[in-house]
Every structure is written in C-alpha cells, then in structure tokens.
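Here the structure is laid out as structure tokens; the discussion comes afterwards.
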Amino acid sequence: MKNQSSITIVLLMNLSEVHATISVLFIFFLLIYLMTVFSNFLIILLVVICAHLHTPMYFFLGNLAFLDMSYSSVTAPSMLFHLITKHWFMSLSECKAQMFFVMYFAGSEVLLLASMSYDRYVAVCRPLHYSQLMSWGICAQMAFFVWSIAFLVAITHMICLRRLTFCGPNRIQNFFCDLPHLFQISCTDTTINVLVLLIVGGVLASAAFVATFYPYVRIFRAVLRIRTSDGKSKAFSTCTSHLTVVIMYYASVAFIYLVPDTSNLLTLNRVVTVIYTLITPLLNPLIYSLRSKDLKAALQRACKLTNSAFSEL
C-alpha cells in the first residue's frame with residue numbers, strides 16, 4: 001500500500017455519451033433546477049411575508065423548502081457543468097466537500113420530516129393543546145436540534161474520513177460524491193468507517209423512521225374513531241401532503257442505499273438517483289402548494305399585488 005500513489009482526481013459516472021442526448025439532458029436538468037430554486041424560494045418568501053402563514057406547519061415547510069433548494073444546489077450545478085463540458089471528474093477535496101453537504105442536508109431532511117410528523121400528530125390528535133405543544137419556542141428548539149444533529153453526524157464522518165488513503169481505482173458509479181462511493185476507492189481498511197456509518201447512520205435513520213411513521217399510526221387510529229366522513233376527510237387532508245413527501249423520500253432512499261448496486265440495476269439506480277436529487281426537491285413545494293389552501297391563497301394574493309404594481313408602472 002505504501003507503493004501506491006494517492007489520487008487527487010475522482011472520475012464521475014457519465015450520464016450520457018451521445019451529443020444530442022447531452023444537449024437535451026442539459027436543458028431538461030437546467031429547467032428542473034431553476035424551477036426547483038424558484039418554487040422553493042417562493043415558498044420561503046410567502047412564509048416570511050404572509051402573516052397568516054406564521055404557524056408551526058409553515059415554519060417547518062419553510063425549513064424544508066430551504067433544505068430542498070440547498071440539496072439541489074449541491075448536486076445539480078456540478079452535474080450541469082460536467083454535462084456541458086463533458087469533463088466528468090472533480091478533485092478529491094471537492095468530492096469530499098460535496099459529500100459533506102450531501103450528508104448534512106440529507107440528514108437534516110430526514111429529521112425535519114420527523115418533526116413535521118409530530119406537528120401533524122399534535123394538530124390532529126391533540127388540537128386543544130396545539131398552541132402549547134407547538135409554541136414558537138418549541139419549534140425553534142426542534143429546528144435547532146434538526147440542523148445541529150445533522151451537522152454533528154456529517155462532521156463525524158468527515159473526521160473519520162481523514163484516516164483513509166485514496167489510491168484508486170478513482171471511478172465512482174454516480175454523478176455526485178457520497179460516502180459509500182468514497183469507501184470504494186479507498187486503499188485503506190474501511191472497517192472502522194463502515195462501523196461508524198452503520199452505528200451513527202443506523203441510529204439516526206432508525207430513530208427518524210420511527211419518529212416519522214409512529215405519529216401516523218396514532219393519527220390513523222384517531223381518524224378511524226371519527227364517525228362523520230367529513231371529519232375523517234378534514235383530518236386526513238391535513239396530513240396527505242406531508243405523508244406523500246415522506247413516502248417519496250423514503251422510497252427513493254431505500255432503493256438507492258439498500259438495493260444492491262448490480263450491473264442489471266445500474267440504469268434503474270441512476271434514474272432513481274436523479275429523481276431523488278433533482279425531481280423530489282421540485283415536487284415537494286408543488287405537492288404542498290396544490291394541497292394547501294392557505295398557500296394557494298397567499299400565492300394568489302401575491303400575484304394580484306404584483307400585477308397591480310406592474311400596472312401602476
């Protein structure tokens with residue numbers, strides 16, 4: 001191992017080698033990224049400026065919009081650059097930096113979805129105590145916990161990564177850098193790093209999974225006890241948007257990290273990875289916008305104010 005030279009460049013997976021396909025993919029992914037940034041930024045703006053959206057649910061939705069916008073910005077611009085330049089490589093330091101932010105934002109999102117599940121549980125099952133259990137102080141503490149724990153997890157893996165030496169082969173089967181891919185190009189024993197990943201990541205994922213789905217068990221039990229169909233429909237309508245986002249997120253993550261990365265599933269894994277990194281951050285604000293009457297009303301009011309401002313000019 002001492003005779004092996006350390007690598008400084010990481011080769012990424014080429015999404016396409018056909019020139020016409022590259023142009024189409026570049027335009028398609030660029031439009032998706034721009035719409036993702038615009039839609040999520042619009043939600044953040046509406047949550048900030050609209051007084052009737054100053055509630056715990058929209059506070060967490062604003063955090064989710066910022067997370068989706070940030071996560072997409074970590075992977076999409078570099079992928080677009082590689083597509084247009086046809087240079088599917090980056091330096092090892094850039095790869096590590098991208099990996100850190102991917103882990104940070106992904107960890108934050110899984111914890112934030114759990115916090116939003118608790119918010120929906122309190123709203124449906126304990127509505128009389130909602131203002132006490134979901135006060136602004138508690139919401140701020142939950143958000144601080146989400147961002148802090150995710151940062152500690154990501155920085156822990158970065159510290160453990162310093163003990164590894166990378167000497168090739170320097171090709172990873174993805175268009176962005178992630179921790180398991182860096183393990184594959186390491187020439188140092190990764191047993192400790194894998195153990196840390198299984199323990200820290202396993203505890204975080206398991207706790208977040210239980211905290212996300214257990215409130216819905218309680219919610220479904222409470223809804224089934226409601227006798228009127230209108231009451232059941234109203235109770236379910238407060239949760240459908242969040243539950244849809246949760247199912248999409250966990251289904252994508254489970255396929256990417258739990259399904260074996262074999263040659264037969266490489267193309268499908270590539271498609272799911274694109275959906276997870278690019279499509280899902282765009283769908284999240286659309287799902288909430290279509291299901292939320294308050295958000296649609298705020299958007300319509302903002303459009304009217306913008307039209308009146310332009311007409312005066």
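Each residue takes its place number in the sequence, starting with 1.
- The shortest distance between side-chain heavy atoms of F166 and L182 falls below 4.5 Å.
- No donor-acceptor distance shorter than 3.5 angstrom exists from the side chain of T190 to the backbone of S186, with no hydrogens or angles considered.
- Between the side chain of S135 and the main chain of S131, no donor-acceptor pair closer than 3.5 Å is present.
- Side-chain contact between L61 and Y58 is present, with heavy atoms from C-beta onward closer than 4.5 Å.
- Although no hydrogens or angles enter the test, the distance criterion places a donor-acceptor pair under 3.5 Å between the side chain of R163 and the main chain of D189.
- Across C125 and R218, no two heavy atoms sit closer than the pair SG-O, 3.7 Å.
- Residues F105 and F100 keep their aromatic ring centres 6.0 Å or farther apart.
- Note: the hydrophobic cluster containing F81 does not contain F101 (ILVMFWY, side chain heavy atoms under 4.5 Å, direct or indirect links).
- Remark: I192 CD1 is loosely packed, at most 12 non-hydrogen atoms of other residues, nucleotides or ligands lying under 6.0 Å away.
- To the nearest 0.5 angstrom, T36 atom OG1 is 10.5 Å from L31 atom CG.
- Closest heavy-atom contact between L133 and I138: O-CD1, 3.3 Å.
- Under the 3.5 Å distance criterion, the side-chain polar atoms of S252 are matched with a main-chain donor or acceptor of M248.
- The shortest heavy-atom contact between N174 and T273 is OD1-CG2, 3.6 Å.
- Looking at every heavy atom in both residues, L67 comes nearest to W147 through CD2-CH2, 3.5 Å.
- Separating the CG atom in N284 from the CD1 atom in I279 is a distance of 11.5 Å, to the nearest 0.5 Å.
- Counting only distance, with no hydrogens or angles, the side chain of S117 and the backbone of T212 share a donor-acceptor pair below 3.5 Å.
- For the residue pair H54 and V48, the shortest heavy atom distance occurs at NE2-O, 3.0 Å.
- Here the NE2-CD1 distance, from H242 to I219, works out to 9.0 Å after rounding to the nearest 0.5 Å.
- For the atom pair C177 SG and M99 CE, the distance stands at 9.0 Å (nearest 0.5 Å).
- Side-chain N or O atoms of N193 include one that pairs as donor or acceptor with a backbone N or O of C160 at under 3.5 Å.
- Counting only N and O atoms by type, the side chains of Q98 and S78 include a donor and acceptor under 3.5 Å apart.
- Distance alone, capped at 3.5 Å, places no donor-acceptor pair between the S148 side chain and the F145 backbone.
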* Walk me through it: do M142 and Y118 pass the test side chain to side chain contact (heavy atoms under 4.5 Å, CB included)? => CA-CA 10 Å; M142 293 172 67; Y118 176 73; 4.0 Å; yes

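- Here the straight-line distance linking atom CG of L204 with atom CG of L197 works out to 10.5 Å at 0.5 Å rounding.
- For Y249, the OH atom sits in a packed shell: over 12 heavy atoms of surrounding residues, nucleotides or ligands are nearer than 6.0 Å.
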* To do: Assess whether side chain to side chain contact (heavy atoms under 4.5 Å, CB included) is satisfied between I172 and L11, documenting all intermediate values.
  => CA-CA 6 Å; I172 62 176; L11 299 179; over 6 Å; no

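- Judged purely by atom type and a 3.5 angstrom limit, N63 uses its side chain to pair as donor or acceptor with the backbone of F59.
- Using a distance-only test at 3.5 Å, with no hydrogens or angles considered, a donor-acceptor pair links the side chain of T280 to the main chain of I275.
- Rounded to the nearest 0.5 Å, atoms CG (L195) and CG (L198) are 6.5 Å apart.
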* side chain to side chain contact (heavy atoms under 4.5 Å, CB included) between Y216 and L243: does it pass, once the steps are laid out? -> CA-CA 9 Å; Y216 277 102; L243 189 58; 4.0 Å; yes

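- Nearest heavy-atom pair across M134 and F60 is CE-CE1, 3.6 Å.
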* **Stepwise side chain to side chain contact (heavy atoms under 4.5 Å, CB included) check, H157 with Y104** => CA-CA 10 Å; H157 290 299; Y104 179 40; over 6 Å; no

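- Proximity of a side-chain donor or acceptor of N170 to a complementary backbone N or O of I9 within less than 3.5 Å is detected.
- Residues S108 and F151 have side chains not in contact (no heavy-atom distance under 4.5 Å, counting atoms from C-beta outward).
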